[in-house]
Amino acid sequence: CSPCDIKELLCSSSNIPRSKEDMFQNVLSQVAEQFSRAFRINELKTEVTNRLAMLEKRVELEGLKVVEIEKCKNDLKKLRDEMTSRGGGRTDAVASRSFLQYTLSQETIEALKKPTFDVWHWEHNEMLSCLEYMYHDLGLVKEFNMNPITLKRWLLGIQENYRSNPFHNFRHCFCVSQMMYGMINLCNLPEKMTLTDMGILMTAAVCHDLDHPGYNNTYQINARTELAVRYNDISPLENHHCAVAFQILSLPECNIFANVELEAYKQIRQAIITLILATDMARHGEILDSFKHKVDSFDFTNEEHVTCLKMVLIKCCDISNEVRPTEVAEPWVDCLLEEYFMQSDREKTEGLPVAPFMDRDKVTKPTAQIGFIKFVLIPMFETVMKLFPQIEEIMVQPLRDSRDHYEELKQIDDAMTEVGHLFSLNITLSLVNQIPIPIFPS
């Protein structure tokens, strides 16, 4: 009905003479306009409700995957905001079905607990499902009274905040988190530590490299970047990872600790920060020395001992690629060198110091790995082995094998280099012998 139709209807029903109609024209026009607006609002509500119902059916019937669901979630949010602005209606039921539960095969579940897990065969949405499973399997969802939908949204938020670097990317995040899950199972940590400790270890692993720019702390400090200035040259990247982690957790839809009491949350937050800051390799010697002094008389009831162990565990997981089978580990070396070379090329362009181990003109894959495995990885894992002897066969021995593998490659490279030098020398001598020596008169 138009406003004119409504006005005519009211005049005829009230027997108002035409001569007096003008007296009521303004009032009737306003009333008619209000009626018309009410009808339009109801039509809009009906339209939006129908669209919501259609989206709900899509979510339920089409079996959308995680990436598709994220787009659907955005559509639902826009419609929910529109409904709220027009008088609203509850959309909790729709929101609660905006993510689907994935079921992992028993083979995958068993493989997830082992360092031999091949992280290269999984797409991002599959890695998200694996991370979600780990939180459920360890009892963390129940322990922290997490909303399962919030867990999914948090994991999506985490994935979105890892950049597409050659090495420091979401796959690296998953790699470190899966190794942490494996060590928790291999070392039977739930029998020795609290579920809160398990949550701290897993969450720190998931968040430990958030928004990594692909250039390390040395570059940040030498280039005087915004991060270096903000954090006073003190672990600028690790401080930034912490800040981004808690920015994500500050979003109500992503706060997996929303149902934790305030004091407990403060302790969890501080513990996660402590672990992420421990991943700064500049602190490696300090942290490992502290653990060495405790390991022979380690006390799981001593909070300081347990904190030190957690710091060492996240360090082990962060640099654990060489624990994995060669076919899984070696591509990570290529990724890391690619990122190193990007940085060293930029440092050369900007006139900044270049570390030899990052210089494409000086480093090779064997030389990059041998020293790191011999002097960083093996000593740290062998120290952890004193507390957990069961890791020797599955974690420490592969490191020794990897060291031997790269030493053999280096010997081959050295031999090839020597052959190349001899070949060049022979060619030079041959050329010299073919050149006649001029005889000058006395």
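Remember, predicted model here, so these are calculated numbers, not experimental data.
Heavy atoms from other residues, nucleotides or ligands lying under 6.0 Å from NZ of K142 number 12 at most. Applying the 6.0 Å contact sphere to CD of E350 captures more than 12 heavy atoms from other residues, nucleotides or ligands.
Between Y265 and F257, the ring planes lie tilted relative to each other; the angle falls in the 30° to 60° range.
With hydrogens and angles disregarded, no donor-acceptor distance shorter than 3.5 Å links the side chain of W332 to the backbone of F167. Looking at E339, its side chain does come within 3.5 Å of a backbone N or O of H168 through a donor-acceptor pair. For Q390 (side chain) and L186 (main-chain N/O), a donor-acceptor pair under 3.5 Å exists by modelled atom type. Between the N188 side chain and the E191 main chain, no donor and acceptor come within less than 3.5 Å of each other. Between the side chain of N185 and the backbone N or O of Y181 there is at least one donor-acceptor pair closer than 3.5 Å. A donor-acceptor pair under 3.5 Å links the side-chain atoms of R171 to the main chain of W122, judged by distance alone. The closest donor-acceptor contact from the side chain of N216 to the backbone of Y219 lies under 3.5 Å.
One finds no salt bridge joining D289 and K294 here, because no Lys/Arg side-chain nitrogen approaches an Asp/Glu carboxylate oxygen to under 4.0 Å. The pair K410-E407 does not count as a salt bridge, with every side-chain nitrogen at least 4.0 angstrom from each carboxylate oxygen. A salt bridge does not link K386 with E382: every distance from a Lys NZ or Arg NE/NH1/NH2 to an Asp or Glu carboxylate oxygen is 4.0 Å or more. With salt bridges taken as basic N to acidic carboxylate O contacts below 4.0 Å, none links R224 and D233. Looking at E322 and R403, no side-chain N of the basic residue comes within less than 4.0 Å of a carboxylate O on the acidic one, giving no salt bridge.
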| message | Before you tell me yes or no, could you show the steps for H208 and H172 under ring pair (Phe, Tyr, Trp, His ring centres under 6.0 Å), namely the whole-Å CA-CA distance, both residues' side-chain angles and the distance that decides it to 0.1 Å? | response | CA-CA 10 Å; H208 83 284; H172 169 66; 5.0 Å; yes
| request: Given ring pair (Phe, Tyr, Trp, His ring centres under 6.0 Å), test Y133 with Y135 step by step and report yes or no. | output: CA-CA 5 Å; Y133 170 80; Y135 270 74; over 10 Å; no
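Scanning both residues, Y215 and L237, for their nearest heavy atoms gives O-CD1, 3.4 Å. Pairing each heavy atom of M179 with each of C317, the nearest pair is C-SG, 3.8 Å. Smallest separation of non-hydrogen atoms from P236 and Y231: O-CD1, 3.6 Å.
Within the cation-pi definition used here (under 6.0 Å to the ring centroid, within 45° of the axis), R324 does not qualify as a partner of F117.
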